[in-house]
Structures are given as structure tokens and as C-alpha cells.
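Scope of the values below: all heavy atoms of this structure, side chains included, with no hydrogens, waters or symmetry mates. A note on names: the letters A, B, ... follow the listed sequences, proteins ahead of strands, and every chain is numbered from 1.
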Amino acid sequence: MKTGRLLTGTQRNWPTELWESPLSLPTYRRAFFLLIMLGLGGLASVWFIGEISDRINPLYDFAKTYLEGLGIPLFLIQLAWTIIKAGILLMVPVVNAICVVWWERKISAHMQSRLGPMYVGGWHGWLQTIADSIKLLLKEDITPNLADKKIHLLATAVALAPAIAAFAPVSFGKELVYADIDIGILYVFAVSGISVFGIIMAGWASANKYSMLGGLRAAAQMVSYEIPRTFSVVPVIMLCGTLNIAAIAEAQSGYLFGFLPRWFIFYPVVGQIAFIVFLIASVAETNRVPFDIPEAESELVAGFSTEYSGIKFSMFFLAEYSYVLISALLISAFFLGGGSPLLPSLSFIPSWAWFIGKALFIIFCFLWFRWTFPRFRVDRLMDFNWKFLFPLTLINILLAGIWSAEIKHMVK
Amino acid sequence: MGIILEKTPIILNKIPGGTIALTTADFFINWARKSSIWPLTFGLACCAIEMMAAYATRFDFDRFGVFPRPTPRQADLMLVAGTVVKKMASPLIRIYRQMPEPKFVIAMGSCADCGGPFYDSYSVVKGVDKIMPVDVYLAGCPPRPEALMYAVQKLQEKIGKMEIKENSGATAGQESGARREL
Amino acid sequence: MTHHTVEDVFAKLQKIFPDIKESEEKIKNYPTWSVSSGSLFKICETLKKESGFEYLDMVTAVDRHGKVNSAGYLTEPNPCVYSQNPSVVPSQSPAPGAGFFEIIIILTSFSMNQKLILVSRVDRTNPEAESLYPLFKSADWQEREVFDLFGIKFTGHPNLKKILTPDFIKGHPLRKDYVHKKDKFDY
Amino acid sequence: MPIEEKTFEKPLELDQMFVNMGPQHPSTHGVLRIALHMEGEVITKAEPDVGYLHRGIEKLFENRTYTQGLVLTDRLDYLSSMHNNLAYCIAVEKLMGIEVPARAQYIRALVSELNRIASHLIFFGTYGVDIGAFTPFLHAFREREMIMDLFEMLCGARLLYTYMRIGGVAKNLPEDWTAKCREFTGFFPKRLKEYDALLSFNPIFMDRTANIGIISKEEALDWGLSGPVLRATGVNYDVRKFEPYSFYDKLEFEIPLGQTGSTWDRYYCRMREMAQSAGIIDQCLEALSKQDMPPDIIAKGVPKILKPLKGQAYGHIEASRGDLGFYAVSEGEFSPYRMHIKAPTFINTAILQKILVGAKIADVVAILGSFDIVLGEMDR
């Protein structure tokens, strides 16, 4: 029989063996390679920062002596240095968002047997996010007629500014830290808590019911998940005796019995509970699936950002991804030993590479959750927080007390 | 950005060598615009299923940077995928007006082009170009996902020819391009 | 009490409602009864409560007015339909009041494994029928649809308003004498 | 310009809110509009508003010949157009008294089961998106593309097939089609296990769907539901068993039934139906490979010009969304005098106004998605 112009059986090949292999099931075979690629790409990009941080102090000293020789007062030089550091700090969220969004699209695509961006910029669509951001910059900026125009504008700033400011006590290398303050943990939690106001303002000012529901949900969710998130760090603080992020990371260096790193996640029971609660609460704080109810696409259209277009919308985007990075860096510092290597024999890899590498792995976990889980319902979300996570953290603090009073000196 | 885009060409044209700067700017702006076309998640009828298939695994629209957004405020492209009936026409116009400039419309499928198999129905708008300006018409009932990709490439060609000198696509002027008030 | 065949049900019903009779034009392979519009509700009630016809499949109507008026469409009449039959003139339309509406109701009994079709005539000048909504909730939208497309008023329906067509389309499109008036989208 | 004037019987209370969900909303599966009255996030009143895709198909049937009308049926339930074709053909065949040859009957059952799987796969994918999981959508579409390939080999179209003809089917199965189809049926049941792992038994998913949108048996019958929505409540009504057509009485399969009538039951009924459909396809392929049917006769006894005598007929089948019926009236002309489509989604959706009350706005999406509505069929 003639098949005419119709498709014949041999024209379409189904790679069923590939789809059936257990490695391509939810463990996502190709995503694993992407993880490696992500790690390598991330390391290459932070190499630059590491190099700067190694050379930055001699550079500063040299510049200082030179400029002092010219007769410029010291406070002006220090001011200029602060401004330069602030500039570098400002670049962090932008560069981070550009990279992470591209990774997210690539990783999610490979999890779903797709390819993701392929053409923009040539190699695997690596310029995709830059094209997106230029386009968003040039889009018309709409403020709805009924909106509260001042608050509508202010909300973006209130959401983004704390996200940038929260990076201040986070050290990106040995010397490249904007403000090395002793109460770093408190500062990060306090500042990042401000962002929720931006979201509530955005929800209210948009004069859109979906936005308002999104804002209300965000308020309820972020305020309540702040509590287990903070409480889950209390054991870390108790065991390390400091609030300085860098000091906490340093306190975890060394090895138990010569092979087990002294990372906090390896402390029996206390460490694991604290880590899991902090991870869950961090995902909730960053409004990502399965906790993305404030912007739940299928329910509230786009939640609080429904009425935001162009550059204002990208501000919220930037803030979200900044918090993802901050959470990853904090998890890396609190629970994964900061810059300490996994095995003593791996110590030839510089410490900043370990630090950023661990953070990148946590970012990958965030993306992985996002593309695997369905979304919680809003009341279940609250139940989960108040009836499960919150009591768990209190118990964990008790356990940490017992640990630090009774067991800590025995292990030493 | 609207003011900058509107005033810059006027100023630059007066400066010698300004046109070269304009052409370069055009190149980059158009590159960004055509590389990231975000359509609205919005399907009317049968063609919407082929549109979904185009986003999905085998065809993967994400390769071109086409990434659906749920709200019209963040969308660049309206894919009118399916029959536009009269009851739906005014919401459709409203959604079109909610989109920020520059915005583009692809009429996907015969129904959106001219009414298709429902050419004599009392309830169908005979072509979406009766209610809003259309950039690319795509024939087929329904068009295959490959055809939709071709339409998007045609739209990219069209975007590549835009010039900020003429304010094309970047001003509220296009809004009045809708044929008449309804 | 339950019956085992539709014939039993028919015999029993005929004693209560003498105007019920086997329809002349059967819907192929299904028992078709013709009932008067006045007793339609009562018959359905009896069928539901006593004979196990507890599931309403479909409510619709037919306009027995004559050939469809081609002015109800936007373009000239379909040549395939008309050119094959030269005796039919497209614009030929019967007298305004001629004919009647038929309301078609399909009921199902799961215990008897049987479908049953009731046909009831409604006057065309002032079409009214009793709503089946109190018996079967599934009549809710179907009756609204019949109201929208045919203009048959169902008395006792709690929410009888247009469902499918927009407000600016006047008239009832599925009536055979429907003439389409150009609106703001037709040009 | 207002979409439509909102008229309230009484003004809203201070803590009440009116939300228009749709017609453009990411998860109304097209252009359904639901007017929601809410207190906080809880729905106090829900009014589904349909008609945003009303194309007047029933009117158009009266201006088409019987063969032309077949094309319109595809556009009704565009996710399972084979079923629409089949129901229309059965109605017209009853009207004209045409017998369909055995080979065509098996092919009809075969393709309609394939289409059922394709349709349920779309349901599975979009339901995942409704609940917030995006990955199942792409996994489902990957398998659906295989069915699209099979249909493309069969009739050249990917979505709207017009493959059935009155009196049979358009053409015989191509040569290498059977092998390709067996490849699919061998592959597909294993994927169902993966779907279960990915979505069905995910704790978050079950938590969101298991206890909402509950419909009792009596309610389901009262509201005239059909299809998986009815069977999830435990009522065993499937036209394939109730009134077998297309040799379904010669094929062995089970009807998956739910117990509680919850959203999850509706979801899982469809998942189990897919496994049954794969079994039916295997049986059909087996039957078609036997040599007792003349291989070339796929339609017979059909006149060149279809002109049924005066009469009426009602043909109905079990489509993927429920009991789809075509009620045809002939006056002895070239076109039907009246063609009514008994659309299952239209009747199923009416119950939304009852069961949405008391749900949360997140549940609206979950409940609405579980009805698997297709607006083309609902509005016609």
C-alpha cells in the first residue's frame, strides 16, 4: 500500500530505551551532567573574584600609599574604597541573577528531556538572560490607572534594596567582604526580613485582586517561615559561640577521627534537623516551589507581580534570585563548613572555591525542588510551619543544649 | 525608557555620525527583542493544544528564548491560538491593551486568520485582524508546531527591521493602529 | 416497585396519563414516547420515583418550522447543500407562525439498562414548558441553553438567562427563521 | 471598557471580594470564566460563565452536507477528535441504516482508545501544571507525541483527524503501523508507573487533591455527570459496557471506579483508564492481525451522496470526557435538519457552582482541572 506523503514508521525514531533507563527517571541523568557543567562554570566565574580578593589588599595598600603621597586625606581614600566595594557588591545580585536564571532554564529543560535556550549568543544560549534583561529594560513601563502610583514604584525598591544590603556581611573571599560585622547573622535575617514589605506594597498598590491575594499570602508565609528559619540557626550559634558568619564557617574546619569533616551537618541529629529545617524555610523565604504560593502561576496569575511590567518586574526577579544566592551562601557557611574541604587530601583546592561550590550545589537543589514538586496549599503551608517545623526547631534547640553541655567535651 | 527612546533619535540625528550610533543601537535593541519573545499563556481553542505541544518536549520553544508568561503585563507576543468568538472579542481587546509596548500578535490558525471552518457562523469574529493589528498570519487548521516556529522566525525577521528612528513598535502610536474603537 | 421492561412502565403510565403514546417517528432503536407538554414534568417525576429513571441524559429542542433560513448565516448558502437539490430555494421561508417546537428528553435507567426518549410539543408563538430542574439538576444548564438558542421559557427554572451567546446577539440562533443582524464585529 | 457588567443582587460586604477568574487565566483550560465571591480565600459563591468559545456549530450543521459536517465534529472536543468523529458517524449510520465492516469496527475502537490515552495524557500534564508541578506536563507530552506520530502515519494530521467516515474509516492501517503501535503499547504501561512516582502518590499532591471537591453518588446522578467524573463517585456507567458499539463487547477490559468522588479519585480514574486503553489497543491489534477479515474493506454500502430518509437517531459513545451523544434529525435533505451534541463537559461543569462553594482559591484550580474541561465541546 502506498503511504503517500504521510509519515512512515521509519521516519520517526523513538528513543524508548533512553527514556526507559532508570537514570533518566526522576534522578535526571542529564541534569547530573548539567550539575557538573554548572559547577565548572561557576568555579570559573568565581575564580575571577578569588583572584581579586587575593590581590586586592596589596593593591589597596599600594594605592593608599601612592595617593597619600599626593596629599589626599586618608578618609577620602577610605571613602572611595568603600564606594568601590559597594559597587562590586551591587554587581553581585545582577551577575548572580543572570547566571542562575540561565542555569535554571537549562537544568529544568534537561530534567524534562528538552534542551532549553540554544540559539541566543551561539553556545547553548548563554546570552539568553542578557537579551531578556535588555528587552525588559526597553519595555514600556505600565502603571495601572487605579494603582497607588508612588507605592507601586516604591515597592520594587523596597523589595530589591534589602536583597542587596543583605550581602554586606557575606564574604566572597578572604578580604572581599563589605562589612565584617560581629553580628552578621542577626544583620542578614533582619535586613532580608524587610523585603516582605516590598511584596505587600506591590500587592496592595497594584489595584488588582490577584496581586492583593498574592501580597497577603506573601505576608503570612514569609513572616511565619522567618521563625523556624531563625530558630534553626540557634543550635549553630550555641555550638560555635559567635554570630559572625565567617567565624562560624571557620569553627567548622578540621576533622573528627581524621576523616569526618567537622561540618555542622555531620553532627548527629541536631545538625541534620537544623539543616533540613533551614533548607525548607529558606525555600519558603525565597518564594520558590513548593512554597511559591505568593506568585502561584496557576492560581493567582503572577501573584504580587501581576501588574508589573518591564524593568520593575525584573527588580522582583533580581530580588528573588539574590535571596536564593544568600540562602545558599548561608547554608554553605552554617552547615557545610564554609570553605573547608570535604577530605583532607582535597585541601589543594582553594577555600573560596569550596565555599562557592557548596553554595552552587545548594542553588542546584533549589532548582531541583522547583521542577519536581507540586505546590502546597496556603493553609497546609501554615500548618506545616506552625505544627511541624516550629516545634521541631524548639526541640532541636533543647537537643543542642544537651549536646553542648554534656557531649561536646567528650568528642573533643 | 519611553522618553529616552523617543528623544534620543531626534538628538542623535542632528549630531554628525549619530546615525551610525543609531544603527548600532538598533542592532542591539532588535537583537534583544527578537531573542526573548515572551508570549502570553493564553489559548482559545484547538490551536492552543498545538501551541502547548510547541512549548513541550519535542519542539521546545525555549530554544528560541520563547518563554510563556501568565500575565499580559510581562508579555511581548500574543498568540491568538484559536477561534475568536464575539463574546471573547472584548476581553481579547482588553488583554491586548494591557500588554506593554512593543507588542506583537501572531494570528495562529485559520480561525484567527479569517474565520476558518466557521466562516458563516453568527457567533465567530471572522479574523482577529478585525479587532487588533496582526504581525504574522499563520495558516493551517491547526498549524503544526513547526509552522508556529516558522511564524516566530518570521516575526523575528520583522523585529530585526525595526528602527528606533521611526519609533516603530516602541510608542503608543501602535495602539491607535487598532482599526477602530469597539 | 420496579419494572423489568419499558413496556411494563409504559402500560402503567398510560393508566395515569392517558395522553402518553408511542411516538410515530421513533428515534432509532430507542423507545420513544410522545407526551403533552403539560404532563411532561409529572411523567418525569413518576418515571424517576417509581421506575428508576434517575439519570437525565439530555434536554434539547427541535424547531419544526421548515427549511432553515439562510439569512441566519453570514455568507450565501452552502452550494453543496443547495445546488444538489434544485427544488429547494434557499430563501424560501414558511409562514411565521407555522410549526411547533419539540422538546426532546432522554432518560436513563441503570437498573433496567435502558434509555428512554420523551418527545413533547410546544407551541411556537409563545413557547413555554415546565422546568425539570426540581427533578434533575442536570437540566439546569441544558434548559438555559435551550432558552438561549430556541427561546423556550422554562417555568420554575431558578436562573433562566442566556448562557452561550453574548448579550448583543438578539434573537435565538437555532430557530429556523433566525435572521442575523450585523453587529459591531461583522464588517 | 467593562467586559460585562457585574450585577449584584445586593452590595458586597466589607470583607467580601469579587474575583473574575478568566476568561484569560493560566489555568482555566481555555476561556472559561468563573465569577467568584470570596471571603478572604474562601469561596462563598461561584458562577461559571461559559460561551466564550461558542461557535454556533449546531447551527452550522444545518448548512453543511453530512460529509462536510464531519469536519465540524473534529473541532468540538479537540483533544479527542476521533471520539467526536465516531459518535457523529454512529448517529448518521443509525439514521441511514448502514452496517460497518468488521475491520473498520476494530480500527475505530483502536484509534479511539489511542486517542483516549492522548487526551488523558494532556489532562495529566495540565493537571500537574495546575497543581504547580511543571515537569509532568513535559513528560506527558513526550509520550503524547508518540501517539501523534501514529495518527500522523494513519491520516496525516496531528490534532484534528477527520479519519472516520460514515460507513467506515478513511483508509486502512499503513503497512508498518502495527509494529509501531506495538512498540508504543509495549512502552507505555511502564511510563504509567513513572507518572505515579512523579505525581500521583506525591504526598503534597495527595494532600492537595484527596479531600476536596467531593461528589456523592446521588449528587453525581442528579447533576447528570458522566465519564471519569461520574465513575470516580463509584457509579458504574460506561457506554462501552452499557450499550456496546464498535465491537467493544468483543474486547475485554475493566471499568476503573473511584470510591469517594474526590478530586484525586477523578484524577486516578483517568490514570487507570489509560492502562485499560493500552490493553484494548493490544487486543484490537491482535484481532486485526488475524486473516478472517477482508483487508481492504474498510467501508461498504455507503451511497456516494448521503441523503438519509426522514427520521431521527441518537448515537452516543464513551468519549474521554464522558457520554458524548449526537442527536440527528433528517428531513430527507442533503443536510441534517437538526444536529444536537450532547456534550459531557457542558453538563459536568454545571456542578462546579455547587462544589466550589466553601473551597479555597487554590482548590478552585485543582477542582476545575480534575473535570478536564474542553471549551470547544462545552460551548459548541
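Neither the backbone nor the side chain of Ser81(D) comes within less than 4.5 Å of any heavy atom of chain B. Only the backbone of Val50(D) has a heavy atom closer than 4.5 Å to any heavy atom of chain B. Interface residue Leu40(B): only side-chain heavy atoms are found under 4.5 Å from chain D. With a 4.5 Å cut-off on non-hydrogen atoms, Ala53(B) touches chain D through its backbone and its side chain both. Interface remark: Leu53(D) contributes backbone and side-chain atoms alike to the contact with chain B (heavy atom separation under 4.5 Å). Heavy atoms of Cys111(B) lying under 4.5 Å from chain D are absent altogether. Neither the backbone nor the side chain of Asp74(D) comes within less than 4.5 Å of any heavy atom in chain B.
Rounded to the nearest 0.5 angstrom, Glu50(B) CD and Met148(D) CE are separated by 8.0 Å. Summarising the geometry, atom NZ belonging to Lys87(B) is positioned 8.0 Å from atom CZ belonging to Arg33(D); distances are rounded to the nearest 0.5 Å. Here Arg144(D) contributes atom CZ and Arg58(B) contributes atom CZ; the two are 10.5 Å apart, rounded to the nearest 0.5 Å. Interatomic distance, Met52(B) CE to Ile122(D) CD1, rounded to the nearest 0.5 Å: 5.0 Å.
Ranked by non-hydrogen atom pairs under 4.5 Å with chain D, the options Val85(B), Val84(B), Thr83(B), Thr41(B) are led by Val85(B). Heavy-atom pairs under 4.5 Å with chain B were tallied for Ile57(D), Leu159(D), Val71(D), Val31(D); the largest tally goes to Leu159(D). Put simply, of Pro68(B), Ala89(B), Pro145(B), the one with the most heavy-atom pairs under 4.5 Å next to chain D is Pro145(B).
Under the 4.5 Å side-chain criterion, counting only non-hydrogen atoms from C-beta, Asp379(D) is not in contact with Met88(B). Residues Leu44(B) and Tyr52(D) form no side-chain contact, since every pair of their non-hydrogen atoms from C-beta on lies 4.5 Å or further apart.
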**Report entry** Chi angles and distances behind the side chain to side chain contact (heavy atoms under 4.5 Å, CB included) call for Asp120(B), Arg64(D)
**Finding:** CA-CA 11 Å; Asp120(B) 54 351; Arg64(D) 302 279 195 276; 3.1 Å; yes
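Nearest heavy atoms, Arg75(D) versus Cys46(B): CG-SG, 4.0 Å. When all heavy atoms of Phe137(D) and Ala56(B) are compared, the pair lying nearest together is CE2-CB, 4.2 Å. Across Leu60(D) and Pro117(B), no two heavy atoms sit closer than the pair CD1-O, 4.3 Å.
One N or O on the side chain of Ser121(B) and one on the backbone of Arg55(D) form a donor-acceptor pair closer than 3.5 Å. Put simply, the side chain of Thr57(B) never gets that close to the backbone of Phe141(D): no donor and acceptor are under 3.5 Å apart.
Aromatic rings of Tyr122(B) and His54(D) (six-membered ring for Trp) have centroids within the 6.0 Å cut-off, being under it.
Checked for salt-bridge contact, Glu152(D) and Arg144(B) meet the test: a charged N lies under 4.0 Å from a carboxylate O.
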